[in-house]
Protein chains: 2
Amino acid sequence: MVGIDDVARRAGVSTATVSRALSGRGHVAAATRERVEEAAAELGYVVSASASSLATGRMRNIGVVVPFLNRWFYTSVLEGAQRRLMQYGYDLTLYNLSGASNERSTVFEQFLLRQRVDAVIAVSLELSAEEVDSLHALGKPLVGVGGPIRGVPTVSIDDVGVTRLATEHLLSLGHTVIGHIGGDVDAEMSFHMPTNRRHGWEDALREAGLEPRPELYFPAVFTMESGYVAAKQMLGDPRLRPTAVVVASDEMAIGVILAARDMGLDVPRDLSVVGIDDHELAPFFGLTTVAQFPEQQGERAVELLMRELDQSREDEPANLQLPFELIVRSSTSRPRPEREPRD
Amino acid sequence: MVGIDDVARRAGVSTATVSRALSGRGHVAAATRERVEEAAAELGYVVSASASSLATGRMRNIGVVVPFLNRWFYTSVLEGAQRRLMQYGYDLTLYNLSGASNERSTVFEQFLLRQRVDAVIAVSLELSAEEVDSLHALGKPLVGVGGPIRGVPTVSIDDVGVTRLATEHLLSLGHTVIGHIGGDVDAEMSFHMPTNRRHGWEDALREAGLEPRPELYFPAVFTMESGYVAAKQMLGDPRLRPTAVVVASDEMAIGVILAARDMGLDVPRDLSVVGIDDHELAPFFGLTTVAQFPEQQGERAVELLMRELDQSREDEPANLQLPFELIVRSSTSRPRPEREPRD
DNA sequence: GTGAAAGCGCTAACAC
DNA sequence: GTGTTAGCGCTTTCAC
């Protein structure tokens with residue numbers, strides 16, 4: 001293993017100078033720096049992460065904790081975070097909680113505290129006060145993605161706002177009977193995200209002078225299949241007859257489109273559908289949706305972290321609300337007139 | 001920061017004993033071990049990963065390199081790998097190559113060589129000889145998932161076998177005009193995987209005494225949409241008229257099902273479809289498929305690595321072929337008789 | 001601008 | 001079975 005003193009010897013300087021030259025910290029004469037860099041390159045020298053970490057106390061590694069891996073949202077956040085971290089020269093170590101039931105405590109009590117990460121990003125995770133405290137006690141900054149955590153800076157979107165926008169889009173097209181398929185309140189995703197999205201639907205309706213009808217809300221669990229099942233219930237009930245539906249995720253919304261097709265309903269002529277996400281499959285299905293940008297959320301989380309890591313800690317725990325955007329495709333249109341056009 | 005000598009003092013022993021007691025290496029009297037563990041718990045002591053790594057030369061961390069993140073196969077492998085690594089007490093640091101074009105060289109030249117990982121798992125990556133060599137030069141074991149790498153142990157499935165099985169399933173149902181939608185040879189996935197899968201289709205056909213017709217093969221790029229597009233081509237050509245199609249991935253196969261529907265074809269009455277993967281969406285679409293088990297592939301890769309890491313290196317570079325399995329759902333059936341049934 | 005040397009916190013010989 | 005101690009390979013004062 002070629003070490004720092006091999007480089008020092010070859011460049012004819014001390015190890016201190018090599019360290020300074022290669023890390024960019026402290027002043028080194030340009031000529032010296034060049035000699036050192038050359039020597040390092042020739043020898044194929046790379047600093048030992050553990051030695052460097054031991055000396056500096058910094059691992060240049062951050063932990064990202066996700067509740068699942070096989071979901072578009074999480075992998076997108078991950079992708080954004082990882083890309084930005086790489087630019088900062090940081091590694092990303094991944095903790096996935098979807099395995100054994102005790103994995104969560106293992107991660108928090110064993111792995112995260114082992115001093116292998118300088119900070120952690122928690123994605124869509126409602127952390128307990130103890131979990132937050134134990135991390136903070138070790139001086140590890142923490143930022144959340146996807147929902148607020150008490151006393152922790154967070155990046156997220158306005159969950160009320162997204163469904164409100166989706167609903168307003170339908171209202172502006174002339175729909176008045178608008179259903180909502182949303183997350184089951186006591187399912188996985190926590191953070192009251194399902195509740196907030198439901199509120200957005202209700203708020204928009206009320207503002208338009210329409211009272212949201214509870215029987216037009218159907219719970220589902222954020223999968224295509226559950227969206228399909230919920231839609232069949234909603235569309236099959238002869239008392240309901242919605243002309244449009246706001247769906248809390250694109251995957252569910254695609255399920256809704258397929259259910260409508262299977263029932264002989266034309267989308268959008270008989271039913272307008274709008275989702276939330278802008279999932280990679282949305283264009284293929286022509287799905288109108290409110291895009292959130294999870295990769296960007298991952299990137300911003302990293303930036304927040306880097307700021308905390310670099311500077312004088314402790315700005316305000318800034319809660320970043322990221323933008324979202326209505327993307328109109330072919331799954332929404334004006335409602336079909338009740339009676340045959342008179343022509 | 002509470003260190004090892006705080007624990008030693010509190011337990012009334014030496015640091016060496018604390019180290020031994022807590023790591024499980026070397027002999028410690030049961031009573032002593034207990035006292036040490038107690039002291040450590042009371043003080044909330046956790047070993048410093050960097051100090052420990054510096055002393056042992058082991059990071060207890062392995063790097064996993066994937067070409068993409070937003071694909072079912074990769075996240076599944078990742079999930080399996082991560083679960084198993086956790087059991088071994090190892091961390092997983094994630095490298096995703098899907099970003100900037102120079103990310104690959106950055107990962108290989110900067111990150112992996114920084115001595116932060118004890119070994120690496122390369123998923124569906126055709127590594128160059130230099131990439132392999134530079135890793136080996138550092139004494140870092142390497143295992144591949146998803147395809148062979150020269151001189152590197154690999155876990156994968158028999159790509160010829162899976163499509164052969166899928167094709168045989170259709171043949172046994174009585175189909176004789178069987179198309180194939182496969183990966184584009186010069187697209188992302190490398191490893192000749194698309195070519196191998198195509199061979200499986202051809203082999204099975206030939207064995208049944210049927211000459212595979214090149215015009216019944218359509219290339220696509222492993223997305224639902226590309227499967228849809230390819231299927232439209234295949235099904236729209238009046239000279240072709242396949243009664244069944246073997247598709248190289250479930251996502252593409254779902255695209256095929258949707259295309260058939262849009263053309264007024266009934267699956268499976270007018271067209272049988274079989275995919276490869278057993279993707280999470282397969283049950284929802286009733287897709288008959290050949291399941292591969294990517295999570296298991298991730299787990300096995302870890303096991304291979306642990307064996308290399310633990311023992312006397314250098315067994316044979318064992319290439320593990322993992323099992324696959326035909327899962328029959330509702331997208332395949334006997335072909336419709338050419339003429340109306342005579343009753 | 002550069003060098004000498006004292007750690008960083010643990011592990012593993014080696015003694016006993 | 002347990003203690004002493006010499007590193008592991010860097011970084012960073014402190015001198016010069």
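Keep in mind that the numbers below use all heavy atoms, side chains included, and drop hydrogens, waters and symmetry copies. Reminder, nothing fancy here: chain letters follow the sequence lines and each chain counts from 1.
Of the candidates dG9(C), dA13(C), dG3(C), dG3(C) carries the atom nearest the Arg20(A) side chain, counting heavy atoms from C-beta on. The listed nucleotides are dT2(C), dG7(C), dG3(C); the one nearest the side chain of Ala55(A) is dG7(C). The side chain of Ala16(B) lies closest to dT4(D) when the candidates are dG3(C), dT4(D), dT11(C). You'll find that the side chain of Ser48(A) is closest to dC10(D), out of dA4(C), dC10(D), dG7(D). Among the nucleotides dT11(C), dT2(D), dT12(D), the one closest to any side-chain atom of Thr17(B) is dT2(D). Nearest nucleotide to the Ala29(B) side chain, out of dC10(C), dC8(C), dG1(D): dG1(D).
With hydrogens and angles left out, the side-chain atoms of Tyr95(A) and Asp91(B) include a donor and acceptor closer than 3.5 Å.
Residues passing the salt bridge (Lys or Arg N to Asp or Glu O under 4.0 Å) test with Arg300(A) are Glu303(A), sequence neighbours excluded.
A salt bridge (Lys or Arg N to Asp or Glu O under 4.0 Å) with Arg10(A) is found for one member of Glu42(A), Glu37(A), Glu38(A) and no other, namely Glu42(A).
For Ser19(B) and dT11(C), the shortest distance from a side-chain N or O to OP1 or OP2 is below 4.0 Å.
Between the C1' atom of dG1(D) and the CZ atom of Arg25(B) lies a distance of 17 Å, rounded to the nearest Å. Atom-to-atom, NE2 of His27(B) to C1' of dT2(D) comes out at 13 Å; the value is rounded to the nearest Å. Between Asp5(B) atom CG and dT5(D) atom P the separation is 15 Å, expressed in whole Å. The CG atom of Leu54(B) sits 9 Å away from the P atom of dC8(D) (whole-angstrom rounding). Nucleotide dG9(D) holds its P atom 13 Å from the CG atom of Leu138(B), rounded to whole Å. Summarising the geometry, the separation between CE on Met1(A) and C1' on dC10(D) is reported as 13 Å, rounded to the nearest angstrom. For Glu34(B) and dG1(D), the CD to C1' distance is 16 Å, given to the nearest whole Å. In this structure, CZ of Arg58(B) is placed 10 Å from P of dA12(C), rounded to the nearest angstrom.
Separation of atoms CZ (Arg60(A)) and CG (Leu309(A)) is listed at 9.5 Å; rounding is to 0.5 Å.
Among the protein residues, Thr32(B) comes within range of the sugar-phosphate backbone only, with heavy atoms under 4.0 Å from sugar or phosphate atoms but none that close to a base.
Atom CZ of Arg58(A) is surrounded by more than 12 heavy atoms from other residues, nucleotides or ligands within 6.0 Å.
Along DNA chain C, the nucleotide nearest Val2(B) and the nucleotide nearest Val13(A) are compared for position; the residue whose nucleotide lies closer to the 5' end is Val13(A).
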